[in-house]
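These notes concern the structure reproduced below.
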Protein chains: 2
Amino acid sequence: MTKQRATILDIVRSDKAHHTAEEIYHIANERLGGISLATVYNNLHALEEAGLIRRITAEHFADRYDSSFVPHGHLICERCERVTDFNIDGFEALLSDAIGNSFSSYELKVRHLCTKCRENA
Amino acid sequence: MTKQRATILDIVRSDKAHHTAEEIYHIANERLGGISLATVYNNLHALEEAGLIRRITAEHFADRYDSSFVPHGHLICERCERVTDFNIDGFEALLSDAIGNSFSSYELKVRHLCTKCRENA
DNA sequence: AAAATAATTTAGAATTATTCTAAAAAAATT
DNA sequence: AATTTTTTTAGAATAATTCTAAATTATTTT
């Protein structure tokens, strides 16, 4: 675990904003006083492979990263693209009813207008 | 509505397999005896904008297209990447309970092993 | 702790998927 | 049928990501 890798993991862990690779690069670059973009990608992959972070992918939306493995959904603001986590009790039971127990994981994204954007609308 | 556009729409509509842009290009190319890849992208966008098709995006997965606007989830096979539709009764009610009624759309993808891949496992 | 081995980082080139450009062709309108 | 608008096309351009191979850093062995 190099300082680059530790920094990247920390950035993903410490921020609920779910950054893009590019944003993580900028933050890491500042914190470390220099890092290669390739290193950021390397480590995002390494950390993903190691099961320490997860990727968030959605339609027309740059991939972001999340460090929580507690099952949850993502709310995506249609205006500012801010991502927030949400809990959906009973979802897995519902899913089992629909397709049985043979699934291994799920991705759930919901589009909305976040509070900030609703106020400024 | 040109024959290129009609062909692309037909490919997306007539096939449950949810093709990628590249696959659609190959199929359209055969059917029409020549088409430009740029035209395929142009039309996938135009059709998406027009609300005639939807895009399916997931982690580590090339975008695919779907012509159904009946709300439903997508099952993605972890081995062969085959995509199948599924219904999940009561999901929207559950979602409303969790986050209220302010959402506009959702994407739901579930990873599993499809029947074929389970047999060949 | 020094030497040897393995893993990581880096800059920049390469790749992939997609978008842009500007001219040609086709379709729609007058 | 002529004019205007839209679409198609090939190829160039772009953006995001991955690859490469040398340099650096970390880890293991001695």
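In the text below, chain A, chain B and the rest are named by the order of the sequence lines, each starting its count at 1.
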Fill in the blank from the handout: note: A:R55, atom CZ; D:dA16, atom C1'; distance rounded to Å ~ 11 Å

Exercise for the section: Could you tell me the separation between the CD1 atom of A:I24 and the C1' atom of D:dA16, rounded to a whole number of Å? Expected result: 14 Å

Handout entry: Whole-Å gap separating C1' (D:dA16) and CG (A:L44)
Key = 13 Å

Exercise for the section: Round to the nearest Å and state the distance from A:K3 atom NZ to D:dT27 atom P. Expected result: 13 Å

Problem - Check ion pair B:E59-A:R54 (N to O, under 4.0 angstrom) - result: yes

Problem - Carboxylate-amine/guanidinium contact A:R55 A:D66, below 4.0 Å - result: no

Practice task
Please tell me which of the listed nucleotides, C:dT19, D:dT7, C:dT10, lies nearest to the side chain of A:A38?
Solution key: C:dT10

Completion exercise
Closest to the side chain of A:T2, out of C:dT19, D:dT8, C:dT9, is C:dT9

Fill in the blank from the handout: Correct closest heavy-atom pair for A:Y65 and A:H18 would be O-ND1, 3.1 Å

Completion exercise
The reported gap from CZ in B:F91 to CG in A:L108 (rounded to nearest 0.5 angstrom) is 4.5 Å

Handout entry: C:dT18 phosphate, OP1 or OP2, under 4.0 Å from B:Y41 side-chain N/O
Key = yes

Exercise for the section: Output the single nucleotide from C:dA11, C:dT9, D:dT9 whose closest atom is nearest the side chain of B:S36. Expected result: D:dT9

Problem - Any B:Q4 side-chain N or O less than 4.0 Å from OP1/OP2 of C:dA26 - result: no

Exercise for the section: Using atom CG of B:N29 as one end and atom C1' of D:dT8 as the other, report the distance to the nearest whole Å. Expected result: 14 Å

Handout entry: Whole-Å distance separating the OH atom of B:Y25 from the P atom of C:dT16
Key = 16 Å

Exercise for the section: Can you tell me the distance, in whole Å, between the NE2 atom of A:H60 and the P atom of C:dA17? Expected result: 18 Å

Exercise for the section: Map B:E22 and B:N42 onto DNA chain C by nearest heavy atom, then report which one ends up closer to the 5' terminus. Expected result: B:E22

Exercise for the section: Give a yes/no on whether any side-chain N or O of A:T39 is located under 4.0 angstrom from OP1 or OP2 of C:dT10. Expected result: yes

Problem - Contact nearer the 5' end of DNA chain C, comparing A:I35 with B:D63 - result: A:I35

Exercise for the section: Find the distance A:R5:CZ to C:dA6:P and express it as a whole number of Å. Expected result: 18 Å

Handout entry: A:S104 side chain to B:E78 side chain, donor-acceptor N/O pair below 3.5 angstrom
Key = yes

